[in-house]
Trainee: 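The structure under discussion is supplied below as structure tokens; questions concerning it will follow.
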Amino acid sequence: MPELPEVEVTRLGVQSKFAGQRLSAVQVRQPRLRKPVPTDALTRLAGEVLRGTSRRSKYLLLQFDSAQVMVHLGMSGALRVVPSDSAWQLHEHVQLSFGDLALRLHDPRRFGSIDCIAAHEDLNAHASIRGLGVEPLTPQFTPATLYRASRGRQQNCKSFLLAGQAVVGVGNIYASESLFRAAIRPGRAAGRLSLQDCERLHQAIVEVLSEAVAAGGSSLRDFSGVGGELGHFQTRAFVYDREGQPCRRCATPIRRQVHGQRSSFVCFTCQPR
DNA sequence: AAGCTGTCCTGAAAGC
DNA sequence: TGCTTTCAGGACAGCT
């Protein structure tokens, strides 16, 4: 399931394959994703050059002169590079062609989305971007970010991280992994974190996300890079999806808990409170 | 206002 | 064996 590292790995692939190239055609085979695909607005971009790529939280941004295309991979989405004239495979919904090669969105569960934001619109005012917390892999993210944002919160730490109001891009896998490395139980109230806890958690989040980007992301079910290459961070996970298996640090069986209707994985020995 | 719950969707796994 | 049910998850609307 794509979280920040998977989106970043995808972005790097798109950037290296297609930056500077001209968008020659747009095809929408299945417009019913999480939100309706803006087929007309996308089609009008044909003929423009892909100037560059960026990312905000888990949104991948493709910059053209008159607009930027905002892609979210949902939980099963991936962008693939394919020959422009190749036959459509099951669950491939949208194609952006750049001459002979094209980028195709493959998303079995269709939780992904594609939006088109005109150049004159302020990205930060967009409904999906407004209200998001700081980017974790920037200097703006500090222990104080977490400490301040968590004051007065009754919510558990796991849901607090997933909510994205303090820091963005940390999804279910990396939240469990970060809390393990910071020795904090996911069920603890966020408001009860000490500054020292926030220092460890900050460091853990930065490390986990950076390592995951370097590992090509986590390929648990559907994710792959644009060339189909699989990430391998999941083989290094200490707790995620390891219920009943021995903790890699102390051999205590990993337990599964549910917070906010999402699975959390925890070692009760390494995460004492 | 913060923080729950339900919804979207499909494939895999579990249950019968 | 084969059908049915359950579960997983990110974002967000709609509640309380």
Side-chain angles (χ1 to χ4, degrees), chain A residues 1-10 29-38 55-61 70-79 88-94 105-115 117 123 125-133 135-136 146 148-179 186-193 209 212 217-224 231 233-234 237 239-244 254 256-265:
Chain A
M1 43 229 76
E3 302 180 27
L4 183 148
E6 290 73 27
V7 179
E8 185 63 14
V9 167
T10 300
R29 202 170 67 138
Q30 169 59 277
R32 292 175 49 246
L33 303 186
R34 191 175 187 284
K35 297 184 271 192
V37 175
R55 179 188 56 72
R56 176 71 174 104
S57 186
K58 299 169 192 170
Y59 294 95
L60 169 60
L61 294 154
M70 186 166 85
V71 180
H72 196 293
L73 299 176
M75 70 154 290
S76 59
L79 289 175
W88 290 80
Q89 304 294 307
L90 188 64
H91 304 308
E92 290 182 339
H93 308 308
V94 177
L105 176 66
H106 176 263
D107 185 5
R109 295 185 192 180
R110 290 165 40 205
F111 272 26
S113 65
I114 298 186
D115 238 334
I117 302 168
L123 178 68
H126 189 277
S128 300
I129 302 293
R130 192 175 353 115
L132 289 179
E135 283 292 324
L146 292 173
R148 268 190 242 115
S150 60
R151 292 311 85 190
R153 297 292 183 121
Q154 310 294 310
Q155 200 178 28
N156 62 69
C157 291
K158 174 70 178 325
S159 300
F160 171 70
L161 288 179
L162 289 187
Q165 290 162 302
V167 60
V168 300
V170 183
N172 211 39
I173 299 172
Y174 301 116
S176 275
E177 291 301 308
S178 299
L179 288 165
R188 229 168 109 188
R192 308 196 81 132
L193 291 172
L209 294 179
S218 297
S219 295
L220 281 155
R221 287 169 184 84
D222 307 283
F223 178 76
S224 69
F233 184 82
Q234 71 280 3
V239 290
Y240 184 79
D241 210 17
R242 299 195 65 241
E243 182 181 16
I254 300 301
R256 188 178 82 95
Q257 299 182 310
V258 176
H259 299 109
Q261 295 168 308
R262 296 286 177 267
S263 292
S264 300
F265 298 88

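All heavy atoms count here, side chains included; hydrogens, waters and symmetry mates do not.
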Trainee: Minimum heavy-atom separation for A:Met70 to A:Ile129, with atom names?
Mentor: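 Minimum heavy-atom separation between A:Met70 and A:Ile129: SD-CD1, 4.1 Å.
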Trainee: By the 4.0 Å heavy-atom rule, please label A:Arg34 as base, sugar-phosphate, or nothing.
Mentor: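 Counting heavy atoms under 4.0 Å across all strands, the contact made by A:Arg34 includes a base.
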Trainee: Using the side-chain contact (heavy atoms from CB on, under 4.5 Å) rule, take A:Glu6 and A:Leu73 through it: C-alpha gap first, then chi angles, then the decisive distance, then the call.
Mentor: CA-CA 9 Å; A:Glu6 290 73 27; A:Leu73 299 176; 5.6 Å; no
Trainee: Quick one: A:Met75 CE to B:dT7 C1', roughly how many Å, whole number?
Mentor: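 Taking atom C1' of B:dT7 as the reference, CE of A:Met75 is at 15 Å.
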Trainee: Would you check, one step at a time, whether the test side-chain contact (heavy atoms from CB on, under 4.5 Å) holds for A:Tyr240 with A:Asn172?
Mentor: CA-CA 9 Å; A:Tyr240 184 79; A:Asn172 211 39; 4.0 Å; yes
Trainee: May I ask you to evaluate whether A:Tyr240 reaches the phosphate of C:dG9, defined as a side-chain N or O under 4.0 Å from OP1 or OP2?
Mentor: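 Yes, A:Tyr240 has a side-chain N/O under 4.0 Å of OP1/OP2 on C:dG9.
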Trainee: For a side-chain contact (heavy atoms from CB on, under 4.5 Å) check, start with the C-alpha distance between A:Lys58 and A:Val168, then their side-chain angles and the critical distance, and finish with the verdict.
Mentor: CA-CA 8 Å; A:Lys58 299 169 192 170; A:Val168 300; over 6 Å; no
Trainee: Using every non-hydrogen atom in the two residues, find where A:Arg34 and A:Ser113 come nearest and quote the distance to one decimal.
Mentor: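 That closest heavy-atom pairing would be CB-CB, 4.5 Å.
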Trainee: What is the nucleic acid contact for A:Ser263, judged by heavy atoms within less than 4.0 Å: base, sugar-phosphate only, or nothing?
Mentor: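 Sugar-phosphate contact only - A:Ser263 comes under 4.0 Å of backbone atoms but never of a base.
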Trainee: State whether the number of non-hydrogen atoms from other residues, nucleotides or ligands found under 6.0 Å of A:Gln154 atom CD is greater than 12.
Mentor: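 Counting neighbours around CD of A:Gln154, 12 or fewer heavy atoms of other residues, nucleotides or ligands fall under 6.0 Å, so no.
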Trainee: Atom NE2 of A:His93 and atom P of B:dC9: how far apart are they, to the nearest Å?
Mentor: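 Taking atom P of B:dC9 as the reference, NE2 of A:His93 is at 11 Å.
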Trainee: Do A:Tyr174 and A:Leu4 pass the side-chain contact (heavy atoms from CB on, under 4.5 Å) test, and can you show the C-alpha distance, the side-chain angles, and the key distance before you say yes or no?
Mentor: CA-CA 9 Å; A:Tyr174 301 116; A:Leu4 183 148; over 6 Å; no
Trainee: A:Lys58 side chain: which of C:dG9, C:dG10, C:dC12 is closest?
Mentor: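 Closest nucleotide among those given: C:dG10.
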Trainee: Can you tell me how far P of C:dG10 sits from CE of A:Met70, to the nearest Å?
Mentor: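 Value for this atom pair: 17 Å.
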Trainee: Please tell me which of the listed nucleotides, C:dG10, B:dT10, C:dC12, lies nearest to the side chain of A:Arg262?
Mentor: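 Closest of the options to the side chain of A:Arg262: C:dG10.
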Trainee: Under 4.0 Å, heavy atoms only, any strand: does A:Phe160 hit a base, just the sugar-phosphate, or nothing?
Mentor: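 A:Phe160: no heavy atom of the nucleic acid under 4.0 Å.
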Trainee: Are A:His72 and C:dG10 close enough that a side-chain N or O sits under 4.0 Å from OP1 or OP2?
Mentor: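 Looking at the OP1 and OP2 atoms of C:dG10, neither is under 4.0 Å from any side-chain N or O of A:His72.
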Trainee: Whole-Å distance between C:dA8 P and A:Ile173 CD1?
Mentor: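 Result: 14 Å.
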Trainee: Using a heavy-atom cut-off of 4.0 Å across all strands, would you classify A:Arg151 as base, sugar-phosphate, or nothing?
Mentor: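 Result for A:Arg151 = nothing.
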Trainee: Can you see if the side chain of A:Ser128 gets near the phosphate of C:dC12 - specifically, an N or O under 4.0 Å from OP1 or OP2?
Mentor: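 Looking at the OP1 and OP2 atoms of C:dC12, one of them is under 4.0 Å from a side-chain N or O of A:Ser128.
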Trainee: Between A:Glu135 and A:Arg56, does at least one N-O distance fall below 4.0 Å, as a salt bridge requires?
Mentor: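 Counted as a salt bridge, because a side-chain N and a carboxylate O are separated by less than 4.0 Å.
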Trainee: Using a 3.5 Å limit on both pairing distances, list the dot-bracket string of DNA chain B from the 5' end; Watson-Crick and G-U wobble pairs count, crossing pairs take [ ], interstrand pairs take |.
Mentor: .|||||||||||||||
Trainee: Produce the list of close N/O pairs, under 3.5 Å, pairing protein atoms with atoms of nucleotides 1-5 of chain B; give distances to one decimal.
Mentor:
residue: B:dG3; atom: OP1; partner: A:Gln154; partner atom: N; Å: 2.8
residue: B:dG3; atom: OP1; partner: A:Gln155; partner atom: N; Å: 3.3
residue: B:dG3; atom: OP2; partner: A:Arg153; partner atom: NH1; Å: 3.1

Trainee: Quick one: A:Leu73 CG to B:dT10 P, roughly how many Å, whole number?
Mentor: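 That distance rounds to 17 Å.
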Trainee: Between P on C:dG10 and CZ on A:Arg109, what's the gap in Å once rounded to a whole number?
Mentor: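 Rounded to the whole Å, the gap is 11 Å.
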Trainee: Could you give the NE2-to-P distance, from A:His91 to B:dT10, as a whole number of Å?
Mentor: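 Rounded to whole Å, this separation is 8 Å.
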Trainee: Tell me whether the side-chain N/O atoms of A:Arg32 come closer than 4.0 Å to OP1 or OP2 in B:dT10.
Mentor: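 Looking at the OP1 and OP2 atoms of B:dT10, neither is under 4.0 Å from any side-chain N or O of A:Arg32.
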Trainee: Determine the minimum heavy-atom distance between A:Ser264 and A:His259, stating which atoms define it.
Mentor: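 A:Ser264 and A:His259 have their closest heavy atoms at OG-ND1, 2.8 Å.
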Trainee: I'd like to know if A:Arg29 and A:Glu92 make a salt bridge, using a cut-off of under 4.0 Å between side-chain N and carboxylate O.
Mentor: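 Judged by the 4.0 Å cut-off on N to carboxylate O distance, A:Arg29 and A:Glu92 do not form a salt bridge.
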Trainee: How many Å lie between NZ on A:Lys158 and C1' on C:dA8, as a whole number?
Mentor: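 Rounded to whole Å, this separation is 12 Å.
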